[in-house]
Amino acid sequence: MAKLRLKALDGGSTTLDQETVDQFAATLRGTVLTPKDDGYDSARTVWNAMIDRKPGLIAECLGAADVASAVRFAREHDLLVSVRGGGHNIAGTAVCEGGLMISLSRMKSIRVDPAARRAWVEPGNTLGDVDRETQAYGLATSTGINSTTGIAGLTLGGGFGWLSRKYGLTIDNLISADVVTADGELVRTSAKENPDLFWGIRGGGGNFGIVTAFEFALHPVGPEVMAGLIVHPISAAADVLRFYRDFCGNAPDEVTVIVNIRKAPPLPFLPTEVHGTEVLVLAVLYAGPMADGEKALAPLRAFGKPIADVVGPHPFTGFQAAFDPLLAPGARNYWKSHDLRSFEDGLLDTLLEFVPTLPDPQCEILIAQMGGATKRVPADATAYRHRDADFILNVHGRWENAASDEKCISWCRSLFEAARPYATGGVYVNFMTGEEAPRVEAAYGSSYQRLVELKRKYDPKNAFRLNQNIPPEPQN
Ligand SMILES: Cc1cc2nc3c(=O)[nH]c(=O)nc-3n(C[C@H](O)[C@H](O)[C@H](O)COP(=O)(O)OP(=O)(O)OC[C@H]3O[C@@H](n4cnc5c(N)ncnc54)[C@H](O)[C@@H]3O)c2cc1C
């Protein structure tokens, strides 16, 4: 009888016979895939093409009962486990080498109650899926800026985007969640039920269990919003960034402006001679009435001599997908990120010094404006700790061929080091690569010890370890 060799939790291996695997499969509504099965390769492929791991088994779950069954099976056989939501994480922790990958990607139900302004969302959905269902009622919750990102991982790390200055982080809109814990039990968590777990999953990532449903608060948004891009030549970047800093300092919560410095892609509204040259892009959205947005964004649009200004009424769902073509799956990606408390002159100069050496047309420097409602939630209300950051710097290395790995990665690291003097020391866990385990404690700051205690309570054996891990015991 065929045998399967799987990676065990302790780093060793476990052998399962086919009958055991078949018995496990029979407990699921979903499917169990082995490396020989059709669909195995697509099920293990994630957004970042630098991740190429081969799980020993993939459980494609269709509901919470499947997830509980998979967790119990892994526990019984002491298997290494990874959990896949949307498969978008830069670190690629959704996929394990040799163990059991519990995939939630087929759990895609969404139910919206427009009167109560609530949505119940399964963890295989993308942000685009959520927007599509909620926008049918002119509603939305606060998520990210790229429609193909998974809602599950984004929420568990914190979640910020176009609506977070107005409506808070994604976790600030989380009302409750259903969680399968490490012992295979399904529990509900909210401010009233298992509140310690509810605190932990709002920023603590996948450390405490597998979320099988999220309940979100919704808000009236759009369906059209004032949004778009303002593109400046790089020669104007220093002046634009200084103006941007002052503009952000006085901006109402409805305004969000994200800066993107890169080589211009061949966008149809840019003159062809600009394509491939370095530009500074201001991506803006106003989360409120159109006329107010026009007024609030007017000073930003009037500054300098932009190459293009395509700010105007856009469908919210369309703008949420505006960056998708530049962030399609299948490229090689490496990121470095800092939280920034302010946007000092020295930092602007440092960023611009790195522009002439952009190592690939797809690499970019991204500055996200934070603040607004995200800051008004008490720092200890959730496990997400860095609400004091006014900006987040993300150095996006992105390229196609492995031959460029070294030059792109070293450019990201150099810029990250050069920017360090201007950083708070905090970092958003969802922007960390797989090599950044030593930064996890800094990422949680003063929440860390409480998270360790929660981990000891909910996952003492560290069954959920393929994430930005919070080990229950100190590591050597
Ligand atoms: C192109 C791009 C744009 C992005 N933009 C934003 C943005 O605007 N705002 C923002 O906040 N973030 C953004 N992110 C980061 C994003 O939040 C993370 O990549 C997030 O992990 C994606 O979630 P996922 O479900 O796709 O992750 P996956 O890769 O599927 O999972 C990552 C980890 O999350 C955990 N996990 C996933 N699902 C569950 C679950 N149901 N239960 C328990 N644990 C689970 C597991 O530990 C898993 O290893 C972006 C990422 C990319 C690649």
Side-chain angles (χ1 to χ4, degrees), residues 43-51 53 61 64 67 71 81-96 101-105 107 121-130 142-164 169-171 177-182 197 200-201 203-214 256 258 283 285 320-321 323-331 333-335 337 362 364 366 368 370 374 384 392 394 396 398 428-434 458-459 463-470:
R44 73 178 181 89
T45 302
V46 288
W47 176 81
N48 185 359
M50 292 190 79
I51 310 300
R53 298 193 195 111
C61 299
V67 174
V71 168
V81 162
S82 67
V83 179
R84 179 190 172 129
H88 232 244
N89 194 277
I90 185 74
T93 46
V95 202
C96 55
M101 173 170 140
I102 301 178
S103 175
L104 314 167
S105 298
M107 291 175 61
V121 177
E122 282 197 313
N125 286 292
T126 63
L127 309 188
D129 297 329
V130 177
S142 169
T143 63
I145 62 165
N146 180 219
S147 83
T148 57
T149 303
I151 189 72
L154 176 130
T155 303
L156 293 168
F160 74 89
W162 295 118
L163 302 179
S164 43
L169 298 171
T170 311
I171 48 172
D178 295 346
V179 183
V180 173
T181 57
L197 183 59
I201 63 165
N207 273 287
F208 308 105
I210 303 182
V211 176
T212 55
F214 298 90
T256 300
I258 294 179
L285 183 137
Q320 280 284 69
F323 290 101
D324 290 2
L326 298 178
L327 295 166
N333 292 272
Y334 180 85
W335 291 0
S337 187
Q362 297 192 66
E364 57 188 27
L366 193 114
M370 303 296 287
T374 70
Y384 181 94
I392 289 181
N394 221 0
H396 284 175
R398 185 176 161 90
Y428 178 36
V429 282
N430 273 348
F431 288 168
M432 284 160 62
T433 56
Y458 282 97
D459 184 18
F464 303 120
R465 64 181 58 185
L466 295 181
N467 41 42
Q468 296 301 350
N469 195 228
I470 300 164

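Reckoned from all heavy atoms, side chains included, excluding hydrogens, waters and symmetry mates. Quick note: residue numbers are just sequence positions, from 1. Counting starts at 1 for both ligands and their atoms, in listed order. From a predicted model like this one, the values you see are computed outputs, not experimental measurements.
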| For ligand 1, the residues whose heavy atoms come within less than 4.0 Å (ordered by chain, then number) | W47, V83, R84, G85, G86, G87, H88, N89, T93, A94, L104, P123, G144, I145, N146, T149, G150, A152, G153, L154, L156, G159, F160, G206, G209, I210, V211, L327, W335, Y428, N430, F431, L466, N467
| request: Would you indicate whether the side-chain heavy atoms of M107 and T212 approach each other to under 4.5 Å? | output: yes
| Distance-only polar pair, side chains of D324 and S147, donor-acceptor under 3.5 Å | yes
| task | Output all residues satisfying ring-ring contact (aromatic ring centres under 6.0 Å, His included) with F160, sequence neighbours left out; order by chain, then residue number. | result | Y428, F431
| said: For T149, give me all partners under side-chain contact (heavy atoms from CB on, under 4.5 Å), at least two apart in sequence or on another chain. | reply: H88, L127, N146, L154
| task | Find out whether Y384 and I171 are in side-chain contact, i.e. whether some heavy atom of one side chain is under 4.5 Å from a heavy atom of the other. | result | yes
| field | By salt bridge (Lys or Arg N to Asp or Glu O under 4.0 Å) - contacts of D459 (at least two apart) | value | K455
